[in-house]
**Q** 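Before we start, here is the structure in question, set down as structure tokens.
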2 protein chains.
Amino acid sequence: MLYIIGLGLGDEKDITLKGLEAVKKCEKVYIEAYTSLLSFGISSDGLSNLEKLYGKPVTVADREMVEEKADSILSQACNSDVAFLVVGDPFGATTHTDLVVRAKQIGVDIKVVHNASVMNAIGVCGLQLYRYGETISIPFFTETWRPDSFYGKIKRNRDLGLHTLCLLDIKVKEPSLESLCRGKKIYEPPRFMSIGTAIEQLLEVEQKLSESAYSEDTVCVGFARLGSDDQIIVAGTMKKLQTLDFGDPLHCLVIVGETHDVEEEMLGFYSIKE
Amino acid sequence: MLYIIGLGLGDEKDITLKGLEAVKKCEKVYIEAYTSLLSFGISSDGLSNLEKLYGKPVTVADREMVEEKADSILSQACNSDVAFLVVGDPFGATTHTDLVVRAKQIGVDIKVVHNASVMNAIGVCGLQLYRYGETISIPFFTETWRPDSFYGKIKRNRDLGLHTLCLLDIKVKEPSLESLCRGKKIYEPPRFMSIGTAIEQLLEVEQKLSESAYSEDTVCVGFARLGSDDQIIVAGTMKKLQTLDFGDPLHCLVIVGETHDVEEEMLGFYSIKE
């Protein structure tokens, strides 16, 4: 059996009782490294906190390992109980559908243990989840690659009065350009997009395409470390939020659409006091 | 302190460790009855399972009580730790924003413990969460009230190739018409919309408005008891799904938009075999 278990958003105690019971009976426990490196402070105290709670070792599986060694993980799951831990919900913002498809193809039984993900936890700011349009992702711009396909989606959402969740880029274990040239694997340090960078890129694209999808006066909600004890949630214009230091990652951003009274009242609690 | 704690979707073991720790230190524990009546089988074994796990009594708070006695709940939370338990995530499909607004107005500290909700758990069928458009709700039609405002939203989502989550009506503790006339509170038995009824209503509206938003050949995914051990997930045309018995509530429905390869492959695993 392959258990795919969501860990939630905060720390090791955000696992469910059901998830913990499953981990405890598994012979082998993997954790995806894509975002967990950060959220659970892995390679500092995070991993050992998980291991302490579970009473067994946890193997960090980066994307490469999941892709290259999926067969070995799955063959273990044919004959024994294996846990694959995922930050947030197994099918939240980052998906693990590929691993599930392969497992189903070779007949490995799968059990999913759900948990909170950024897709529902943003509800805490008071904007109703059913009033969101399509979610967009904002990738890090480079000198030569400045994609703007998210712009049309934001415009559509805003024309309909809907809110837009913007997921911000995460770069973990990216091979450095130099190492690619030399054929050796050396990785760039991890990078996580801040709300400031996201807004800078958003405004650059608005300036370029000029369809008035939004402006520096558009109200947004910035979230840092959503679901953690030290989460920060601030509502304000793009211009205002851009000047704030939200601290450590992960960050995400909601571009506010039309609001109802209760939504407005809730946003008031998170607004920057002038 | 007012703890607003998500219970997740399945049974009492879907609470997180963080949520359970909070419940254990609270002097008073309320559970919202709106959906929990069902999911946690309250007034049969469900509530006592919760009480057994928590080691303390749990008070069922129906909508009326939350509205009428919010002040008393909040004043308890001024001087002691109070837990308010919510099925799914506190800010998931059903929101409790009103209670939060009132609490913030009078300065009661709030702590939210997130959990899975239908809004992210539907990811299990393999359709990517970021490819959903606006969520819609389908209310029970009556003789004289057959609202169709959801139709335009579905059409917009489908024109953009997006998936649509349909939340199906729940009627819990609705005063009966007769009792309203007599000024006495007698309640109708609870009703939960089935996938069959939802599709029947959807097709009726398509026939009436005839803008080809969808048809009986449109592929959908039906979910029953999502997140429970006996969940059912079936992909197929509206026509096919309408003939199936999904069993006990809660049901929900996803109208599928344009699909990518991996999405298609995942749906294949849930498709009705002819």
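Each chain gets a letter, A, B and so on, in the order the sequences are listed, and its residues count up from 1.
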**Q** Measuring heavy-atom distances to chain B, does Glu263(A) have an atom under 4.5 Å in its side chain, in its backbone, in both, or in neither?
**A**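 Neither the backbone nor the side chain of Glu263(A) comes within 4.5 Å of chain B.
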
**Q** Assess the residue pair Lys18(B) and Asp11(A) against the criterion (side chain to side chain contact (heavy atoms under 4.5 Å, CB included)); give the C-alpha distance rounded to whole Å, side-chain angles, the decisive distance to 0.1 Å, and a yes or no.
**A** CA-CA 9 Å; Lys18(B) 199 172 275 176; Asp11(A) 58 37; 3.4 Å; yes

**Q** Leu162(A) versus chain B, heavy atoms under 4.5 Å apart: side chain, backbone, both or neither?
**A**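 Only the side chain of Leu162(A) comes within 4.5 Å of chain B.
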
**Q** Suppose the criterion is salt bridge (charged side-chain N to carboxylate O under 4.0 Å, His left out): which pairs have a residue in residues 147-158 of chain B, not counting sequence neighbours?
**A**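 Applying salt bridge (charged side-chain N to carboxylate O under 4.0 Å, His left out) to every pair that reaches into residues 147-158 of chain B, excluding sequence neighbours, yields Glu134(B)-Lys153(B), Glu134(B)-Arg156(B), Asp148(B)-Lys208(B), Lys155(B)-Asp159(B).
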
**Q** Do the side chains of Thr135(B) and Arg131(A) get nearer than 4.5 Å, heavy atoms only?
**A**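 Side-chain contact under 4.5 Å: no.
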
**Q** Please classify the contact between Tyr132(A) and chain B as side chain, backbone, both or neither, with a heavy-atom cut-off of under 4.5 Å.
**A**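 Contact with chain B: backbone only.
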
**Q** Would you indicate whether the side-chain heavy atoms of Gln128(A) and Phe91(B) approach each other to under 4.5 Å?
**A**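 Side chain of Phe91(B) against side chain of Gln128(A), heavy atoms only: no contact under 4.5 Å found.
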
**Q** When you check the side-chain N and O atoms of Thr16(B) and Asp14(A), is any donor under 3.5 Å from an acceptor?
**A**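 Checked: Thr16(B)/Asp14(A) side chains show no N/O donor-acceptor pair below 3.5 Å.
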
**Q** Provide the closest heavy-atom pair for Tyr130(A) versus Met119(B) in the form atom of the first, atom of the second, distance.
**A**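 The pair with the smallest heavy-atom distance is N-CE, 4.1 Å.
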
**Q** What residues of residues 252-261 of chain B make heavy-atom contacts with chain A at a cutoff under 4.5 angstrom?
**A**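 Checking residues 252-261 of chain B against chain A gives no residue, so none.
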
**Q** Which bit of Leu53(A) is near chain B, if near means a heavy-atom gap under 4.5 Å: side chain, backbone, both or neither?
**A**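 The side chain, not the backbone.
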
**Q** According to side-chain hydrogen bond (donor to acceptor under 3.5 Å, both in side chains), who are the partners of Tyr3(A), at least two apart in sequence or on a separate chain?
**A**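 Counting only residues at least two positions away or on another chain, Tyr3(A) forms a side-chain hydrogen bond (donor to acceptor under 3.5 Å, both in side chains) with Lys25(A).
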
**Q** Taking all atoms of both residues into account, what is the closest heavy-atom pair of Asn120(B) and Ala116(A), and its distance?
**A**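 Closest approach of Asn120(B) to Ala116(A): ND2-C, 3.8 Å.
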
**Q** Shorter than 4.5 Å, heavy atoms on both sides: which option in Gly6(A), Ala121(A), Gly133(A) has the most such pairs with chain B?
**A**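 Answer, by heavy-atom pair count under 4.5 Å with chain B: Ala121(A).
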
**Q** In Å, rounded to the nearest 0.5 Å, how long is the span from CD of Glu265(A) to CD of Gln105(B)?
**A**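 Atom-to-atom, Glu265(A):CD and Gln105(B):CD are 5.0 Å apart.
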
**Q** Among residues at least two apart in sequence or on other chains, which ones pass salt bridge (charged side-chain N to carboxylate O under 4.0 Å, His left out) with Asp229(A)?
**A**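 With neighbours one apart ignored, the set is empty.
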
**Q** Answer with side chain, backbone, both or neither: which region of Val101(A) has an atom nearer than 4.5 Å to a non-hydrogen atom of chain B?
**A**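 Looking at Val101(A), backbone and side chain both touch chain B.
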
**Q** Using a 4.5 angstrom heavy-atom cutoff, name the option from Ile122(B), Val113(B), Val124(B), Leu20(B) with the most pairs to chain A.
**A**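 Among Ile122(B), Val113(B), Val124(B), Leu20(B), the one with the most close pairs to chain A is Val124(B).
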
**Q** Can you tell which part of Leu160(B) gets under 4.5 Å to a heavy atom of chain A, answering side chain, backbone, both or neither?
**A**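 When you check distances to chain A, only side chain atoms of Leu160(B) fall under 4.5 Å.
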
